Engineer: 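Starting off with a structure, shown below.
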There are 2 protein chains.
Amino acid sequence: MNIGDVSRRSGLPAKTIRYYEDIGLVQPPRSGNGYRTFREIELHKLAFLGRARALGFTIEDCRTLLALYEDDGRESAQVKNVAEGHLRKIDQKIAQLQSMRGTLAHLIEECAGDHLPDCPILEDLAGE
Amino acid sequence: MNIGDVSRRSGLPAKTIRYYEDIGLVQPPRSGNGYRTFREIELHKLAFLGRARALGFTIEDCRTLLALYEDDGRESAQVKNVAEGHLRKIDQKIAQLQSMRGTLAHLIEECAGDHLPDCPILEDLAGE
DNA sequence: ATTGACCTTCCAGTAGCTGGAAGCCCCATG
DNA sequence: CATGGGGCTTCCAGCTACTGGAAGGTCAAT
């Protein structure tokens with residue numbers, strides 16, 4: 001399998017796959033012409049990475065999760081720990097965005113949005 | 001006012017203030033020794049930027065908002081338009097995060113988090 | 001032989017800073 | 001007057017996770 005096939009089958013852009021090789025997440029062997037050749041195992045890892053990234057895990061988290069996945073001696077507590085840490089980060093981000101959203105939506109409501117220059121949004125940003 | 005004073009009064013790190021000068025958001029004049037000298041107007045702009053950034057506006061949005069703020073001929077509709085665009089982006093991010101959160105929280109619930117290797121989180125990432 | 005779709009590497013850029021090095025400047029103290 | 005400490009300067013590199021593009025090699029079909 002060349003990179004294009006893997007890209008199609010994993011849903012990851014070829015550029016991303018090369019990048020993942022660069023940072024050591026996958027190690028596809030090379031064939032005589034220098035092309036990367038992917039086996040099912042690499043495809044599987046890339047699909048794993050794609051799903052983990054889709055859940056918002058950082059690359060470093062992905063590296064950890066992949067290592068745990070391949071470690072038969074792992075304890076599910078280790079995995080859960082990584083996931084819980086990530087969940088907390090997500091919750092923080094949601095809270096921050098919702099706080100911004102609240103302020104912003106309020107300001108937008110107050111703003112006439114007409115042809116006149118008076119604008120409560122700018123007034124707020126200017127500190128009244 | 002030197003950069004340290006402005007940093008204290010605006011709450012922005014000195015590094016950030018220099019960066020904002022770099023990208024043309026403020027233009028503090030220089031005194032004989034090469035130091036930036038800030039007047040009230042620059043401090044005011046920086047505080048404006050700090051508030052806009054705290055609401056999550058991008059630097060480019062900030063640039064636009066600052067220009068509108070300084071333009072007496074503006075129409076509040078222009079400001080509202082920028083704010084509404086930003087609100088939509090925030091809503092998209094919140095939705096995405098909440099979707100991730102949902103999946104992740106579900107997986108975490110399923111995971112025993114004990115000393116055994118069996119882990120539904122990893123199973124899900126591996127595609128079952 | 002040539003075309004076109006692949007593949008390769010390498011460099012640069014994205015957003016918004018942040019850290020650190022090397023080196024002036026200014027004021028206060030001894 | 002020398003020295004020390006804090007503040008200021010510039011410049012370069014690094015962070016996250018890719019993405020775009022250039023220059024060039026490879027392969028299969030016509």
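The chains referred to below are lettered A, B, ... by the order of the sequence lines, with proteins before strands, and numbering in each begins at 1. All figures in this text were calculated on a predicted structure; none of them were measured in a lab.
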Engineer: Quick test of your reading of the model: are B/E42 and B/R39 salt-bridged, counting only N-O distances below 4.0 Å?
Structural biologist: yes
Engineer: Checking the side chain of A/R74 only, and the main-chain atoms of B/P117 only, is there a donor and an acceptor separated by less than 3.5 Å?
Structural biologist: yes
Engineer: Extract, from 5' to 3' on DNA chain D, the first and final nucleotides lying under 4.0 angstrom from some heavy atom of chain B.
Structural biologist: D/dG7 to D/dC11
Engineer: Ignoring hydrogens and angles, tell me if any N or O in the side chain of A/S31 forms a donor-acceptor pair with the backbone of A/T37 under 3.5 Å.
Structural biologist: no
Engineer: Tell me, which of residues 11-36 of chain B have any heavy atom that sits under 4.0 Å from an atom in DNA chain D?
Structural biologist: B/K15, B/R18, B/R30, B/G34, B/Y35, B/R36
Engineer: So does A/D91 pair up with B/R101, basic N to acidic O under 4.0 Å?
Structural biologist: yes
Engineer: Judged by each residue's nearest nucleotide on DNA chain D, which is more toward the 5′ side, A/F57 or B/R8?
Structural biologist: B/R8
Engineer: Is A/K80 salt-bridged to A/E75, going by a charged N under 4.0 Å from an acidic O?
Structural biologist: no
Engineer: Between B/E21 and B/R18, does any NZ, NE, NH1 or NH2 come within less than 4.0 Å of an OD or OE carboxylate oxygen?
Structural biologist: no
Engineer: Less than 4.0 angstrom from a charged side-chain N to a carboxylate O is my criterion; do B/R9 and B/E40 meet it?
Structural biologist: yes
Engineer: For the residue pair B/Y20 and B/L46, establish whether any side-chain heavy-atom pair is separated by less than 4.5 Å.
Structural biologist: yes
Engineer: Separation of B/L55 atom CG from C/dG16 atom P, in whole Å?
Structural biologist: 14 Å
